[in-house]
Amino acid sequence: MILTKAQYDEIAQCLVSVPPTRQSLRKLKQRFPSQSQATLLSIFSQEYQKHIKRTHAKHHTSEAIESYYQRYLNGVRKNGAAPVLLELANEVDYAPSLMARIILERFLQKHEEAPPSKSVINSMLRDPSQIPDGVLANQVYQCIVNDCCYGPLVDCIKHAIGHEHEVLLRDLLLEKNLSFLDEDQLRARGYDKTPDFILQVPVGLGQA
């Protein structure tokens, strides 16, 4: 169905007071049953990313990072099986996956001889079993699987959807016998920007 500006604004307003978790998305679906899951997730993700960009800096001050880390440590001392990190992220209104990155990086800085590289951190976020602390690995995993806006799981889903649409577009171009160049061909020719496809012959689109 067509989404009106008023409906978009109503959905966006509901997102102001909810954390970016899959549980919140389910509640949003119950509130707006006429909208598809994909539509709600798209609005959810777009509005929350705006919020994260506005508030990103305050979560990355040295004082904030140290405060989050100490709260994490105190929480897991009391109950290491509880979703301490996820609840902390929701309490301070920050994306769970991004909170997991902050705590993981702080942990590695304390326990490793050299500062952790970005590639090492990304690898551990994609596969928390690599984290050399079982409790933190579980805490990070909980954040990743419950975050519907950020993190490696979301990246994989976006990549899969993008690839699916690329395949559908290729099939359509082939069906219409249109001549085109794909990303690999464009890259081989030295293009610095490589859209999915470029038509080799212009096509006019007219109304029937």
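Note that this is a predicted model, so its numbers are computed, not measured.
In this structure, Ser45 OG and Ile52 CD1 are separated by 10.5 Å, a value rounded to the nearest 0.5 Å. Between the CG atom in Leu125 and the CD atom in Glu105 there is a gap of 10.0 Å [rounded to 0.5 Å]. Taken from CG in Asn79 to CZ in Arg77, the straight-line distance is 14.0 Å, to the nearest 0.5 Å. Rounding to the nearest 0.5 angstrom, the gap separating the CG atom in Asp147 from the CD atom in Gln142 is 13.0 Å.
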After noting the C-alpha distance and the side-chain angles of Leu108 and Met124, does the key distance pass the side-chain contact (heavy atoms from CB on, under 4.5 Å) rule? CA-CA 11 Å; Leu108 294 175; Met124 289 183 176; 3.8 Å; yes

Trace of the side-chain contact (heavy atoms from CB on, under 4.5 Å) decision for Met99 with Val92: CA-CA 10 Å; Met99 178 61 75; Val92 301; 3.6 Å; yes

Steps toward side chain to side chain donor-acceptor pair (under 3.5 Å) verdict (Tyr8, Gln46): CA-CA 11 Å; Tyr8 183 101; Gln46 181 170 308; 3.1 Å; yes

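In this structure, Glu66 does not pair ionically with Arg71, as no charged nitrogen and carboxylate oxygen lie closer than 4.0 Å.
The side-chain heavy atoms of Cys14 and Leu28, taken from C-beta on, include a pair separated by under 4.5 Å. A 4.5 Å side-chain heavy-atom check between Tyr68 and Arg106 finds every atom pair outside the cut-off. For the pair Pro116/Gln109, a side-chain contact is recorded, criterion being any heavy-atom separation below 4.5 Å from C-beta on. Side-chain contact between Arg31 and Ile11: absent, with no pair of heavy atoms (C-beta onward) separated by less than 4.5 Å. For the pair Leu98 and His59, the minimum side-chain heavy-atom distance is 4.5 Å or more. By the 4.5 Å heavy-atom criterion applied to side chains, Val140 and Phe107 are not counted as neighbours. Taking 4.5 Å as the limit, some side-chain heavy atom of His56 sits within range of a side-chain heavy atom of Tyr94. Residues Lys58 and Thr55 meet the side-chain proximity criterion, which asks for heavy atoms closer than 4.5 Å.
Between the side chains of Thr39 and Ser36, at least one donor N or O lies within less than 3.5 Å of an accepting N or O. Side-chain contact, His51 with Asp93: a donor N or O sits under 3.5 Å from an acceptor N or O.
Nearest approach of Ala100 to Cys143, heavy atoms of both residues: CB-CB, 3.9 Å.
The environment of OH in Tyr141 is sparse: at most 12 heavy-atom neighbours from other residues, nucleotides or ligands sit within 6.0 Å.
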